[in-house]
**Student:** 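Structure provided below as structure tokens; questions to follow.
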Amino acid sequence: MEERLKNFAIANKREFDEAEPPFGVWEKIEKELDAKKLMAVKNARVVRLSLLFKLAASITIVVAAGIFLWQYQYRQATDLANIDPALAKQQLHYASEIELKVNELKSLENKEPQLYNEFSSEIRKMEESYQKLQNDLPNSPNQEETVKAMIRNLQIQTEVLNQQLNVIKQITDSKNQQNEAQSI
């Protein structure tokens, strides 16, 4: 086959030399080559962009998973039942007791606003102290001791509320005795 092609080229050499390509063939070829290069560049950009989107999606998934795990560990560290179930029960008991006593104290708000403000400011300070202990709990090297301090804070709040309610009762009894004495 090669031999036939070679013989044909030699036999028709003159016709090959005489024929001229049509005008603008090279420009047309160059335009087609430029168009192919441009398509190749666009395809490369599309590939690069899709690669960037895939990379961004992967990073987003990894960051979201990291945040989820961090929050899960934070919740586990602050869950008192994971640290000491008995202390968690005590905490729940004192917290509910405090809530009841604070509601009793609120009944004083309209009758004795100055006394109520004084009492509630003391409780607010102790509650802030409790919140600080609770915020420090996840990073505490000895979480059980921190929980015990939190429980002790709740016990003190309960004692203070009991004393405040006793003071209120004494004031109320004193006023009732004065009213009875005046009516007699």
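Predicted model only: the values in this text are computed from it and were never measured.
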**Student:** Measuring only between side-chain heavy atoms, which start at C-beta, is Asn162 closer than 4.5 Å to Thr158?
**Tutor:** yes

**Student:** If you measure only the distance, is there a donor-acceptor pair under 3.5 Å linking the side chains of Glu159 and Gln155?
**Tutor:** no

**Student:** Only counting residues at least two apart or in another chain, list the ones meeting salt bridge (charged side-chain N to carboxylate O under 4.0 Å, His left out) with Lys31.
**Tutor:** none

**Student:** Can any side-chain N or O of Ser174 pair as donor or acceptor with the backbone N or O of Gln170 at less than 3.5 Å?
**Tutor:** no

**Student:** Got a sec, which residues hit side chain to side chain contact (heavy atoms under 4.5 Å, CB included) with Asp136, two or more places apart in sequence or on another chain?
**Tutor:** Lys132

**Student:** Going by atom types alone, do Gln157 and Asn153 pair a side-chain donor with an acceptor below 3.5 Å?
**Tutor:** yes

**Student:** Any link between Val167 and Leu165 through a network of hydrophobic side chains (Ile, Leu, Val, Met, Phe, Trp, Tyr) touching at under 4.5 Å?
**Tutor:** yes

**Student:** Using the side chain to side chain donor-acceptor pair (under 3.5 Å) criterion, which residues pair with Arg124? Sequence neighbours excluded.
**Tutor:** Ser120

**Student:** Taking only residues two or more places apart in sequence or in another chain, which ones pass salt bridge (charged side-chain N to carboxylate O under 4.0 Å, His left out) with Glu128?
**Tutor:** none

**Student:** Please list, chain by chain and in numerical order, all residues satisfying side chain to side chain donor-acceptor pair (under 3.5 Å) with Glu118, sequence neighbours excluded.
**Tutor:** none

**Student:** Take a 6.0 Å sphere around CD of Glu145 and say whether it holds more than 12 heavy atoms from other residues, nucleotides or ligands.
**Tutor:** yes

**Student:** Can you confirm whether Gln164 sits close enough to Ile123 that some side-chain heavy atom of one is under 4.5 Å from a side-chain heavy atom of the other?
**Tutor:** yes

**Student:** Any side-chain heavy atom of Leu154 within less than 4.5 Å of one from Met150?
**Tutor:** no

**Student:** Would you please name every residue forming a side chain to side chain contact (heavy atoms under 4.5 Å, CB included) with Asn166, sequence neighbours left out?
**Tutor:** none

**Student:** Ignoring hydrogens and geometry, is there a side-chain-to-backbone donor-acceptor pair from Thr146 to Asn142 under 3.5 Å?
**Tutor:** yes

